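As a basis for the values below, the full set of heavy atoms in this structure was taken, side chains included, without hydrogen atoms, waters or symmetry mates. Being a predicted model, the structure only gives us computed values, none of them experimental. First listed ligand is number 1; within each ligand, the first listed atom is number 1.
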Amino acid sequence: MIAWTIQRLLAWITEYLTKNGVDAPRLSAEMLLSHVLGLKRIELYTQFDRVVEKDALDRLHDLVKRAGLHEPVAYLIGRTGFYSLEMEVTADCLIPRPETELLVQRAIEFLRTREGQQHVCDLCTGCGCIAIAIAKGCPNARLVATDLCDKALAVAAQNVAKHGLQERVELLCGDLFDPLVPQLDATQWDLIVCNPPYVSAAEYETLDKNVKDYEPPTALLAGADGLDLYRRIAEQIDRFLKPDGALLLEIGYSQGPAVRDLLERTALFATIAIEKDHQNQDRIVIARRTGDGEDAGPLLSDGSV
Ligand code: GLN
């Protein structure tokens with residue numbers, strides 16, 4: 001009988017996932033194996049010759065089979081990394097994407113240019129990754145994060161607690177700005193961020209199996225053209241954003257011009273910039289509201305803020 005050492009298992013799982021067309025097969029193999037053994041990934045390499053026991057092998061076998069059918073590894077192990085922070089995830093929320101880290105980075109940069117306590121609102125928070133990463137990066141920020149889905153918010157609550165941010169990140173269940181209305185007398189927001197659902201009905205059909213078959217459609221789909229949420233945000237933003245505050249949105253790669261147009265029509269913003277992600281695709285919109293008494297002036301269309 002073969003002794004299944006860590007080394008042998010890693011090679012076998014990697015090969016199996018490769019054959020089944022799974023992305024990042026070696027990394028996925030390491031994540032599944034370290035999860036089952038309760039080890040850090042690096043520890044797999046310091047214990048290469050360790051023989052894995054039968055009950056661990058059985059659990060591993062089930063997870064590898066599911067990963068081979070393209071169930072996302074983040075769901076199988078219940079967590080993922082985002083902005084160097086560990087986030088818990090379940091199939092009730094979208095898995096944080098690396099592209100979204102750019103939105104967090106720009107949010108933190110914006111907040112650091114401002115003095116005093118900053119009020120930040122994160123719409124469609126899902127597992128809470130954006131709100132949590134911003135709170136971690138900006139000790140002077142207080143955040144309210146909303147989501148329509150109470151199951152996703154339960155995951156966000158676990159993540160807020162995991163990172164010790166209960167004092168600064170408040171979670172509210174409801175559609176976009178709706179849960180904020182009772183608080184409106186208290187404040188408007190310095191920064192509003194949102195990674196909404198933005199996939200069009202046609203594009204949804206073309207998504208990879210790991211996304212389409214496993215991630216919640218309500219976190220992805222946004223009407224025939226994928227712009228529904230941006231429309232609704234543009235309609236309501238006037239009430240919620242402070243003068244000289246900023247709106248930061250994640251967008252689909254082809255949505256830049258349409259989202260710019262929606263925001264320009266509000267006549268609220270002094271500048272609207274669209275920024276590309278690491279794949280050189282339009283991904284982030286940064287719109288800066290005109291300050292009190294400041295003339296909106298001409299909108300900059302050259303990508304500068
Ligand atoms: N970028 C995500 C995807 O491709 C979509 C995220 C979203 O709709 N917010 O799967």
Colleague: Does the distance from a Lys or Arg side-chain N to an Asp or Glu carboxylate O, for Lys276 and Asp282, drop under 4.0 Å?
Modeller: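 The answer is yes: the pair qualifies as a salt bridge.
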
Colleague: Hydrophobic cluster membership, with links at side-chain heavy-atom distances under 4.5 Å among I/L/V/M/F/W/Y: are Val169 and Leu85 in one?
Modeller: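 Yes; tracing contacts between hydrophobic side chains, which count when under 4.5 Å, links both residues.
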
Colleague: Show which side-chain atoms of residues 5-14 pair as donor or acceptor with protein atoms under 3.5 Å away, not counting sequence neighbours.
Modeller:
| residue | atom | partner | partner atom | Å |
| --- | --- | --- | --- | --- |
| Thr5 | OG1 | Arg8 | N | 3.1 |
| Arg8 | NE | Ala3 | O | 3.3 |
| Thr14 | OG1 | Leu10 | O | 2.5 |

Colleague: Considering only NZ, NE, NH1 and NH2 on the basic side and carboxylate oxygens on the acidic side, decide whether Arg106 and Glu109 come within less than 4.0 Å.
Modeller: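 Salt bridge between Arg106 and Glu109, a charged N being under 4.0 Å from a carboxylate O: yes.
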
Colleague: Need the list: ligand 1 N/O atoms against protein N/O atoms, distance under 3.5 Å, rounded to one decimal.
Modeller:
| residue | atom | partner | partner atom | Å |
| --- | --- | --- | --- | --- |
| ligand 1 | 1 (N) | Tyr198 | OH | 2.9 |
| ligand 1 | 8 (O) | Tyr198 | N | 3.2 |
| ligand 1 | 9 (N) | Asn195 | OD1 | 2.8 |
| ligand 1 | 9 (N) | Pro196 | O | 2.7 |
| ligand 1 | 10 (O) | Arg97 | NH2 | 2.8 |

Colleague: Identify whether the distance between the nearest side-chain nitrogen and carboxylate oxygen of Glu30 and Arg26 falls below 4.0 Å.
Modeller: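 Here Glu30 pairs with Arg26 in a salt bridge, since their nearest N and O are under 4.0 Å apart.
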
Colleague: Under a 4.0 Å threshold between the charged nitrogen and the carboxylate oxygen, would Arg142 count as salt-bridged to Asp190?
Modeller: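 Salt bridge absent between Asp190 and Arg142.
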
